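Source: prediction; values computed, not measured.
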Amino acid sequence: MKRYRLTVAYDGTNYHGWQEQSSGITIESVLNDALSRVLGEEIHVIGASRTDAGVHAYGNVAVFDSETRIPGDKISYAVNPYLPDDIRIMESRETDPDFHPRFTDSLKTYAYHIRNERIPCPTSRLYAFQVPVPLDVEAMQEAGKYIVGTHDFASFCASGAQVKSTVRTVREVCVYRDHQASGMGGEIVIRVTGEGFLYNMVRIIAGTLIKVGKGVYPPEQVGRIIESRDRSKAGDTAPAKGLFLEKIEYR
């Protein structure tokens, strides 16, 4: 029995998130079905990030164990024809039998995309959050500095999350405007890198920084929101469609 590692990209629009469940089709269930069909044995993948319904990914990581004789680097080519067009295994390879994608130290990078334009662009409606009023990117960037570091992020955790601790470490928050995108203010990207995130944490960070960009909060308010450890003090949870898991880096 060997362990194989996959790098998976997907458009999450048509799926009920990553994790297999009875209520709808998921990324995990589609991967399990395709791998099982091609490899001729029952396969159950373990994903690094259990992304929510509607969230997209360029580089989620998953592993599975198999007796297959197909070389690890060829599994992606063998399985991709059996996957729908909105899911692809970008890379496959054999890995250490003890490697676990969730319990190995890593850095995860998420990007939240905002279309800052008066009229919604139809080609980006599934991949960015439409904000029709001007946003102050410099204020958003200043507010992001308060998020960097090791903090109790209870204010940025969705209610009902079952975690032992809400303390997390964020390494970097970068906010910038892509002027190449069309529209009033083009596209604004909020990129967050950290050692781990709470349920809906990045989407709540995005919703809070959007309020800063609108002038509802001054940048320093974000520091006070963190100190409060009160979810009601932070901004709304931004829609899932704007969120992309960009990459996972293992140490």
Only pairs under 3.5 Å count here: list side-chain donor-acceptor contacts from residues 215-230, not counting sequence neighbours, and write none if there are none.
unit_1	atom_1	unit_2	atom_2	d
Tyr217	OH	Lys233	O	3.2
Gln221	OE1	Arg224	NE	3.0
Gln221	OE1	Arg224	NH2	2.9
Ser228	OG	Ser155	OG	3.4
Ser228	OG	Ile225	O	2.7
Ser228	OG	Asp230	N	3.2
Asp230	OD1	Ser232	N	3.0
Asp230	OD1	Ser232	OG	2.7
Asp230	OD2	Ser232	OG	3.2

Next on the checklist: Treating Asp178 as the side-chain partner and Gly186 as the backbone partner, does any N or O pair qualify as donor plus acceptor under 3.5 Å?
Outcome noted: no
Next on the checklist: Just to verify, what does Val148 make a side chain to side chain contact (heavy atoms under 4.5 Å, CB included) with, not counting sequence neighbours?
Outcome noted: Val173
Item to check | Salt-bridge present (Glu195, Arg171; N to O < 4.0 Å) | outcome: yes
Checklist entry - So, does Ser92 use its side chain to make a donor-acceptor pair with the main chain of Ser76 at under 3.5 Å? => result yes
Checklist entry - So, does Glu28 use its side chain to make a donor-acceptor pair with the main chain of Asn32 at under 3.5 Å? => result no
Checklist entry - What residues, two or more places apart in sequence or in another chain, satisfy ring-ring contact (aromatic ring centres under 6.0 Å, His included) together with Tyr127? => result His56
Next on the checklist: Under the salt bridge (Lys or Arg N to Asp or Glu O under 4.0 Å) definition, can you give me all pairs with a residue in residues 67-82, not counting sequence neighbours?
Outcome noted: none
Checklist entry - So which heavy atom on Arg88 is nearest to which on Leu83, and how close? => result NH1-O, 3.5 Å
Checklist entry - For Gly72, does its backbone N or O pair with a side-chain atom of Glu94 as donor and acceptor, under 3.5 Å? => result no
Next on the checklist: What I want to find out is whether Arg203 reaches Asp52 closely enough, with some N-O distance under 4.0 Å, to be called a salt bridge.
Outcome noted: yes
Show every donor-acceptor pair shorter than 3.5 Å between a side-chain atom in residues 43-51 and any protein atom, with sequence neighbours excluded, or say none if there are none.
unit_1	atom_1	unit_2	atom_2	d
His44	NE2	Glu42	OE2	2.9
Ser49	OG	Tyr110	OH	2.6
Thr51	OG1	Tyr10	OH	2.7

Extract all donor-acceptor atom pairs below 3.5 Å that involve side chains of residues 240-250 and protein atoms in other chains or at least two apart in sequence.
unit_1	atom_1	unit_2	atom_2	d
Lys241	NZ	Arg125	O	3.1
Glu246	OE1	Arg191	NE	2.7
Glu246	OE1	Arg191	NH2	3.4
Glu246	OE2	Arg191	NH2	2.8
Tyr250	OH	Pro101	O	2.7

